[in-house]
Novice: 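Right, I'll just put the structure down here and ask away after.
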Amino acid sequence: MSSDDDLRAVATDVHACKACKLYRSRKNVVPGEGPAASDLMFIGEGPGFYENEQGRPFVGAAGKYLEELLASIGLRREQVFIGNVVKCRPPGNRDPLPEEIQACSVFLERQIQAIQPKAIVTLGRFSMARFFPNVRISDIHGQARMLNSRMVVAMYHPAAALHQPSLRREIEADFANLPGLIQRAAPAPPIDSETAEPPQQLSLF
Ligand code: URA
Ligand code: SF4
């Protein structure tokens with residue numbers, strides 16, 4: 001199966017999923033969207049009101065701001081994968097519970113395996129904790145950390161940053177740094193060889 005097929009299979013399985021009680025109150029599942037060949041994956045917390053209505057991630061106010069942040073580094077949302085830790089809306093936008101995150105983690109894992117992104121950007125505490133438990137977002141946001149040979153960068157949640165000027169400055173600075181972080185994650189060029197290929201540039205930035 002191609003990675004496109006794998007992603008579609010995840011979405012199909014999410015549509016049928018009843019593995020946690022969030023299935024009871026959902027209107028639409030929100031599996032996430034973006035090309036299987038994405039270099040970057042953005043992982044939020046869970047669907048909110050508008051996402052639950054439309055079955056698409058980050059389509060409300062936080063989504064609009066995320067689109068602005070992407071545009072600030074020359075990206076459109078269609079060029080990256082955007083998903084969430086839980087695929088069904090927690091009622092009243094409450095925090096997702098540990099057992100719900102656990103039940104849903106198989107889908108996020110399959111999405112990561114299908115996409116094999118150059119970097120994962122976590123948005124908010126719950127998404128960060130999926131990769132880095134027991135750290136504080138204020139300590140590690142914006143830093144490139146390697147986890148199983150993959151770069152993971154924790155960022156504040158755009159919904160939080162939107163309304164708090166101090167966080168807004170931080171997330172905008174973290175986005176501005178992202179292209180540089182990803183460039184440095186590219187394989188080192190071969191040394192001391194006239195026949196070597198020129199250093200590989202990442203196509204994204
Ligand atoms: N907030 C999230 O964490 N995810 C969404 O999809 C929308 C808002
Ligand atoms: Fe299944 Fe995830 Fe929805 Fe829970 S949140 S019902 S685990 S898809």
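Counting starts at 1 for both ligands and their atoms, following the listed order. Only a predicted model underlies this, so the values are computations on that prediction, with no experimental measurement involved.
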Novice: Hey, which atoms in ligand 1 end up nearer than 4.0 Å to a heavy atom of Gly44?
Specialist: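 That gives atoms 3 (O) of ligand 1.
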
Novice: Please work out which of Asn84, Val30, Ile43, Asn52 has its closest non-hydrogen atom nearest to atom 4 (N) of ligand 1.
Specialist: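 Heavy atom nearest to atom 4 (N) of ligand 1 belongs to Asn84.
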
Novice: Between Gly48 and ligand 1, does any nitrogen or oxygen pair lie at a separation below 3.5 Å?
Specialist: no

Novice: What are the protein N, O or S atoms, given as residue plus atom name, that sit under 2.8 Å from atom 4 (Fe) of ligand 2?
Specialist: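 Checking every protein N, O and S atom gives Cys20 SG.
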
Novice: Checking a contact table here: which protein heavy atom is nearest atom 2 (C) of ligand 1, and how many Å away?
Specialist: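 Among all protein heavy atoms, the one nearest atom 2 (C) of ligand 1 is Gly46 O, 3.2 Å.
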
Novice: Please tell me whether His15 and Phe107 form a close aromatic pair, meaning their ring centres lie under 6.0 Å apart.
Specialist: no

Novice: Report whether Val29 and Tyr23 are members of the same hydrophobic cluster (ILVMFWY, side-chain heavy atoms less than 4.5 Å apart, transitive linking).
Specialist: no

Novice: Are any of the heavy atoms in Ala159 under 4.0 Å away from ligand 1?
Specialist: no

Novice: Among Phe58, Phe126, Tyr65, find the one that has a ring pair (Phe, Tyr, Trp, His ring centres under 6.0 Å) with His157.
Specialist: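 It is Phe58, the one option of Phe58, Phe126, Tyr65 that forms the ring pair (Phe, Tyr, Trp, His ring centres under 6.0 Å) with His157.
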
Novice: Between Glu33 and Arg56, does at least one N-O distance fall below 4.0 Å, as a salt bridge requires?
Specialist: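 Arg56 and Glu33: salt-bridged.
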
Novice: Can you name the one residue among Gln116, Arg110, Gln111 that meets side chain to side chain donor-acceptor pair (under 3.5 Å) with Gln113?
Specialist: Gln116

Novice: Which ligand 2 atoms, with their elements, are less than 4.0 angstrom from a heavy-atom of Arg26?
Specialist: 3 (Fe), 6 (S)

Novice: Under the 3.5 angstrom rule, does the side chain of Gln143 hit a backbone N or O of Ala154 as a donor-acceptor pair?
Specialist: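 No, because the side chain of Gln143 does not come within donor-acceptor range (under 3.5 Å) of the backbone of Ala154.
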
Novice: Between Glu45 and Arg125, is there a salt bridge with N-O shorter than 4.0 Å?
Specialist: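 Between Glu45 and Arg125 there is no salt bridge, as every charged N stays at least 4.0 Å from the carboxylate O atoms.
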
Novice: Quick one: does ligand 1 sit under 4.0 Å from the side chain of Glu45, the backbone, both or neither, non-hydrogen atoms only?
Specialist: both

Novice: May I ask you to say whether Glu109 pairs ionically with Arg130, meaning some side-chain N is under 4.0 Å from a carboxylate O?
Specialist: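 Answer for the salt bridge query: yes.
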
Novice: What I want to know is whether Phe58 and ligand 1 share at least one N or O pair that is separated by under 3.5 angstrom.
Specialist: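 Such a contact does occur with ligand 1.
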
Novice: Provide the closest heavy-atom pair for Val30 versus Glu51 in the form atom of the first, atom of the second, distance.
Specialist: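 Smallest heavy-atom distance, with atoms named: CG2-O, 3.4 Å.
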
Novice: Hey, which atoms in ligand 1 end up nearer than 4.0 Å to a heavy atom of His157?
Specialist: 1 (N), 2 (C), 3 (O)

Novice: Phe42 and side-chain contact (heavy atoms from CB on, under 4.5 Å): which partner among Leu70, Leu69, Asn84?
Specialist: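 Result for side-chain contact (heavy atoms from CB on, under 4.5 Å) with Phe42: Leu70.
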
